[in-house]
Amino acid sequence: MKDYNSYIVSCEKASLLIEKKLGNALNPKEKTQLFIHKLICSICRKYEKQSKALDVLLRNKITNEQMGGSNLMLDQERIDQIKLLIDNKI
Amino acid sequence: MQDASKIIKEWVDEFSSEMFSWAFYKTSHKETAEDLVQETFIIAFQSFDTFQNKSKPKTWLFSILKNKIIDYHRKNYKSSIISTDKISEQQSTFLLSYMFTEDGEWRKERQVSSLDEDSELLDDPAFNRVLTGCIEKLPLAWNSAIQLKYLEEKEATVICQELQVSTSNYWQIIHRAKLQLRECIEQHWFKKL
């Protein structure tokens, strides 16, 4: 007999599977585990939506080159050092 | 070569602070960011021949810098995985018992988060500062894993293969990092609105 219990997972495990799902990394058994879990758990269904939203935020944040006007300055000393290095490489 | 050094030095004046800012936000570490900017200009100087005016200097410099940043996070991630760093382990244990009961169910207080699809959140400088702070608070290996995930735009299996680390470990770290970020945003942003 098949061990049906191995298809029942906790919310902790389900939320890990959700991350793998968003990265297209679920194997068939994990897909079934997550499917069954989400049928009975509205919190994890919500977590999946929030995790997607967090993905969008993080992707935009991390790949964005503009820092929205909050530019830091590189020390003048370091700037001079870089220029000196370039001069000496000739 | 006289020409190259003159041009690169002009670029140093024009772009180095912007590059430094970017590198700083990506590494949360001042000296690292300075070193990465410096290395970028040296590479730019050495491979100046390959720069053709097809792309803008700024685009070219940022693409070199981006690769340097990815390298930095790869090294970080790999070395902390190999040495199984204690801080990550302690943080994991703490975080998981904070989020979940012993049976692995969500704790009541952790079930609700106000996070929603909202593309305008990042336009708010105050929210940006909160998110930067939350990313900086991640343990080093978690931060590096998150940076690699979004900077590399590669499948997890490819990232892990290249680094020769296990994928299950990678997913655990991504899982924990995102749980912590969601909670941090909830505490420092939504609860304070």
Side-chain angles (χ1 to χ4, degrees), chain A residues 8-27 30 37 41-44 46-47 49-90, chain B residues 1-2 4-5 8-9 12-13 16-22 24-26 33-34 37-38 41-42 45-46 62 96 99-100 103-106 111-113 115-119 121-123 125 128-129 131-132 135 146-147 149-151 153 155-157 167 171-172 174-175 178-179 181-182 185:
Chain A
I8 307 296
V9 297
S10 66
C11 295
E12 185 179 325
K13 177 78 187 280
S15 58
L16 170 70
L17 295 180
I18 285 167
E19 299 307 338
K20 291 183 81 169
K21 181 188 172 188
L22 298 180
N24 300 316
L26 287 180
N27 64 37
E30 291 172 329
H37 185 92
C41 181
S42 64
I43 305 161
C44 284
K46 183 150 191 237
Y47 180 78
K49 281 187 194 143
Q50 293 183 330
S51 189
K52 271 187 203 164
L54 186 56
D55 260 348
V56 175
L57 278 180
L58 289 172
R59 182 167 293 116
N60 288 341
K61 171 86 180 164
I62 286 171
T63 55
N64 186 11
E65 290 176 18
Q66 262 61 53
M67 293 316 308
S70 57
N71 257 5
L72 304 166
M73 293 300 287
L74 184 59
D75 293 340
Q76 189 58 43
E77 226 173 284
R78 190 50 97 108
I79 291 176
D80 294 340
Q81 188 188 328
I82 295 173
K83 288 182 180 170
L84 197 66
L85 278 169
I86 289 165
D87 278 334
N88 290 335
K89 291 268 170 171
I90 299 171
Chain B
M1 281 311 256
Q2 200 64 43
S5 68
I8 301 271
K9 280 193 283 181
V12 173
D13 284 328
S16 63
S17 281
E18 209 175 326
M19 290 162 69
F20 170 66
S21 300
W22 196 56
F24 180 75
Y25 285 110
K26 298 281 169 288
E34 288 178 351
V37 170
Q38 179 170 313
F41 280 111
I42 290 171
F45 178 64
Q46 287 165 345
F62 269 89
L96 291 177
M99 303 298 296
F100 300 101
D103 298 329
E105 285 175 26
W106 293 100
Q111 293 179 0
V112 191
S113 157
L115 193 64
D116 214 337
E117 296 262 357
D118 180 356
S119 49
L121 261 182
L122 284 176
D123 295 337
N128 256 293
R129 280 194 293 278
L131 186 53
T132 303
I135 295 173
I146 287 285
Q147 300 285 343
K149 178 175 164 66
Y150 299 104
L151 279 178
E153 291 162 28
E155 295 275 335
T157 44
T167 47
W171 284 116
Q172 273 180 4
I174 293 292
H175 178 221
K178 283 180 70 179
L179 283 171
L181 288 171
R182 170 179 171 267
I185 294 168

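Naming: A, B, ... by sequence-line order, numbering from 1 per chain.
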Inset, instruction - Examine distances only and state if a side-chain atom of A:Ser10 and a backbone atom of B:Glu105 form a donor-acceptor pair shorter than 3.5 Å. - result: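 Not a single qualifying donor-acceptor pair exists.
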
field: Any donor-acceptor N/O pair, B:Lys9 side chain to A:Ile86 backbone, under 3.5 Å
entry: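 Answer holds: no.
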
Give the intermediate values and the outcome of side chain to side chain contact (heavy atoms under 4.5 Å, CB included) for residues B:Lys178 and A:Asp55. CA-CA 9 Å; B:Lys178 283 180 70 179; A:Asp55 260 348; 3.0 Å; yes

Heavy-atom contact with chain B under 4.5 Å, split by part of [X]:
| X | result |
| --- | --- |
| A:Arg59 | both |
| A:Lys46 | side chain |
| A:Leu17 | neither |

| said: Could you check whether atom CD of A:Glu77 has more than 12 heavy atoms from other residues, nucleotides or ligands sitting under 6.0 Å from it? | reply: no

Which heavy atom of [X] sits nearest to which heavy atom of [Y], and what is that distance?
| X | Y | answer |
| --- | --- | --- |
| B:Tyr150 | A:Ile62 | CD1-CD1, 3.9 Å |
| A:Glu19 | B:Trp171 | O-CZ3, 3.2 Å |
| A:Asp75 | B:Glu34 | OD2-OE2, 3.6 Å |
| A:Glu12 | B:His175 | O-CE1, 3.4 Å |
| A:Leu74 | B:Val37 | CD2-CG1, 4.2 Å |

Pick one of side chain, backbone, both or neither for [X], based on which atoms fall under 4.5 Å of a heavy atom in chain A.
| X | value |
| --- | --- |
| B:Ile185 | side chain |
| B:Glu155 | side chain |
| B:Leu179 | both |
| B:Ile42 | side chain |

Note: vs chain B, highest number of non-hydrogen pairs under 4.5 angstrom among A:Gly23, A:Ser15, A:Ala25 is A:Ser15

One should read off an interatomic distance between B:Ser17 OG and A:Arg78 CZ, to the nearest 0.5 angstrom, of 12.5 Å

Residue list, side chain to side chain contact (heavy atoms under 4.5 Å, CB included) with A:Ile43, at least two apart or on another chain: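 Listed in chain order: A:Cys41, B:Trp106, B:Gln111.
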
